[in-house]
Amino acid sequence: WLVKHINYVTTSPESSSPGYYLLSPDEWERETVHAADGLMKKDISGISISDMGQTIYPDYSKNGYDRQQTLEKAVNAVKGLEDKEISIMGQYGNIHVVDSLDVITDIPLYSSNYTMTKQAVPFLQMVLGGYTGYYGTPVNKTSDKEFHILRSIEYGASGISYLLSATSNTDVWEMEWNEYRNTLYTDHISEISDFQRQMKDYIIKTRGAALTDHREVQDKVFSSEFDNGIRVYVNYNEKDVLIDGIEVAGMSFHIAEEQE
């Protein structure tokens, strides 16, 4: 199916929009298993199902399906991949396929910030931690990169992610694909290396560990504890703070071992 963006004023398809194709749910299981077989022949051990973990749409054809039936087909498709013993990565959204994913991207790291909300807690991250790897939204798609990285650490994420392409920003603007603006990989290589160095110890020491405790120990200072005894202090203040005899620099984090 070819899907076009609709002009909300004229209610007509946008002629300038490139549109995109949707695969019929009838083909999901067959095509995903076929793709997995092809990858395994090339000794590639992982596959990304991307939108299947997030987007469920009905089939309005004569013998089509409602959203619940489509969801069942998505689950069957992912289970078919799981039976192939191939690593699966997908976007967060559909809880019915989460247990089949080895890596989940775009996990929400922020609350909805409703008026009555006092404090956000990483409940979802505590459920998933230690069982599957998860990442927040791409760093280059956030308004405050430093804050986003600290939040990823506070919430026990497996690391950080970037959305990259080999297309220049000029070409992307002309194609009107907003999602891929500011994704040219050469613009981010140095930054990715710097952030990776900052997070290296955290990633090594918390890999495969479950987030078991999370609390605010001072104003804008949080403590996250993992089941392997590692505790991480995250300081969102501009100034250094002293926590349990440990100095944590402003807008930074500190990894504490059990004996500290």
Side-chain angles (χ1 to χ4, degrees), residues 1-3 20-61 63-109 124-139 141 152 155-166 177 179-180 183 185 192 196 203-204 206-211 226-228:
W1 308 326
L2 175 62
V3 179
Y20 52 93
Y21 288 91
L22 295 179
L23 183 66
S24 170
D26 266 337
E27 302 295 325
W28 285 359
E29 185 171 2
R30 184 178 68 84
E31 289 298 327
T32 51
V33 171
H34 177 71
D37 287 338
L39 292 173
M40 294 174 72
K41 290 178 181 178
K42 298 179 182 297
D43 293 325
I44 298 174
S45 59
I47 186 172
S48 171
I49 59 173
S50 188
D51 293 343
M52 191 177 291
Q54 187 180 49
T55 304
I56 297 296
Y57 47 84
D59 180 351
Y60 292 112
S61 59
N63 298 312
Y65 311 97
D66 58 29
R67 285 174 56 85
Q68 183 58 42
Q69 292 170 316
T70 301
L71 174 60
E72 293 171 2
K73 288 186 173 293
V75 172
N76 291 337
V78 177
K79 293 296 183 184
L81 290 176
E82 192 175 16
D83 292 341
K84 292 285 183 179
E85 297 185 355
I86 189 170
S87 297
I88 310 171
M89 180 173 73
Q91 287 177 300
Y92 168 74
N94 182 357
I95 197 64
H96 292 81
V97 302
V98 162
D99 64 339
S100 297
L101 302 180
D102 298 289
V103 177
I104 307 174
T105 65
D106 297 274
I107 284 285
L109 301 179
L124 175 63
Q125 288 74 13
M126 286 186 168
V127 173
L128 297 176
Y131 300 99
T132 184
Y134 58 87
Y135 300 81
T137 53
V139 174
K141 290 299 174 180
S152 297
Y155 276 32
S158 303
I160 55 174
S161 66
Y162 273 74
L163 178 62
L164 303 174
S165 70
W177 283 113
E179 180 182 5
Y180 293 99
T183 61
Y185 74 97
I192 292 173
Q196 183 67 19
I203 293 172
I204 292 173
T206 61
R207 181 179 293 136
L211 181 62
F226 298 82
D227 64 358
N228 62 355

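The residues of the chain are indexed from 1 along the displayed sequence.
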Partner set under salt bridge (Lys or Arg N to Asp or Glu O under 4.0 Å) for Lys84, not counting sequence neighbours: Asp37
query: About how many Å separate CG of Leu124 and CD1 of Ile104, when rounded to the nearest 0.5 Å?
result: 7.5 Å
field: Pair listing, side chain to side chain donor-acceptor pair (under 3.5 Å) test, anchored in residues 96-106, at least two apart
entry: Lys79-Ser100, Glu82-Ser100, Gln91-Asp106, Asn94-His96
query: Of all residues at least two apart in sequence or in a different chain, which pass the side chain to side chain donor-acceptor pair (under 3.5 Å) check with Ser165?
result: Thr183
message: Quick one, Ser24 with Asp59, criterion side chain to side chain contact (heavy atoms under 4.5 Å, CB included). Give me CA distance, side-chain angles, the key distance, then yes/no.
response: CA-CA 7 Å; Ser24 170; Asp59 180 351; 4.0 Å; yes
Any residue meeting side chain to side chain contact (heavy atoms under 4.5 Å, CB included) with Asp227, in chain and number order, not counting sequence neighbours: Ala209, Ala210, Thr212
- request: Using the test ring-ring contact (aromatic ring centres under 6.0 Å, His included), find all partners of Tyr162 that sit at least two apart in sequence or belong to another chain.
  value: His188
Side-chain donor-acceptor contacts of residues 67-75 below 3.5 Å, not counting sequence neighbours, with atom names and distances?
| from | atom 1 | to | atom 2 | distance (Å) |
| --- | --- | --- | --- | --- |
| Arg67 | NH1 | Ile56 | O | 2.5 |
| Gln69 | OE1 | Asp66 | N | 3.0 |
| Thr70 | OG1 | Tyr57 | O | 3.1 |
| Thr70 | OG1 | Asp66 | O | 3.0 |

- prompt: Can you tell if the side chain of Leu101 reaches within under 4.5 Å of the side chain of Ile49, non-hydrogen atoms only?
  reply: yes
- prompt: Mind checking what makes side chain to side chain donor-acceptor pair (under 3.5 Å) contact with Tyr135, not counting sequence neighbours?
  reply: none
task: Return the set of residues passing ring-ring contact (aromatic ring centres under 6.0 Å, His included) with Tyr134 (not counting sequence neighbours), or none when no residue passes.
output: none
query: Between Glu85 (side chain) and Ser45 (backbone), is there a donor-acceptor pair under 3.5 Å?
result: no
- prompt: Looking only at atom types and distance, does a side-chain atom of Thr132 sit under 3.5 Å from a main-chain N or O of Leu128, one as donor and one as acceptor?
  reply: no
field: Least distance between heavy atoms, Ala36 atom then Ile47 atom
entry: N-CD1, 4.4 Å
- request: Could I get the full list of side chain to side chain donor-acceptor pair (under 3.5 Å) partners for Gln196, not counting sequence neighbours?
  value: none
query: Listed by chain and number, what are the salt bridge (Lys or Arg N to Asp or Glu O under 4.0 Å) partners of Glu29, not counting sequence neighbours?
result: none
query: If you take all heavy atoms of Gly133 and Ser158, which pair is closest and at what distance?
result: CA-OG, 3.2 Å
statement: The side chain to side chain contact (heavy atoms under 4.5 Å, CB included) partners of Ser152 (sequence neighbours excluded) come to Leu109, His148, Ala157, Ile160
- request: Considering non-hydrogen atoms only, spot the tightest contact between Lys141 and Glu179 and give its length.
  value: NZ-O, 2.7 Å
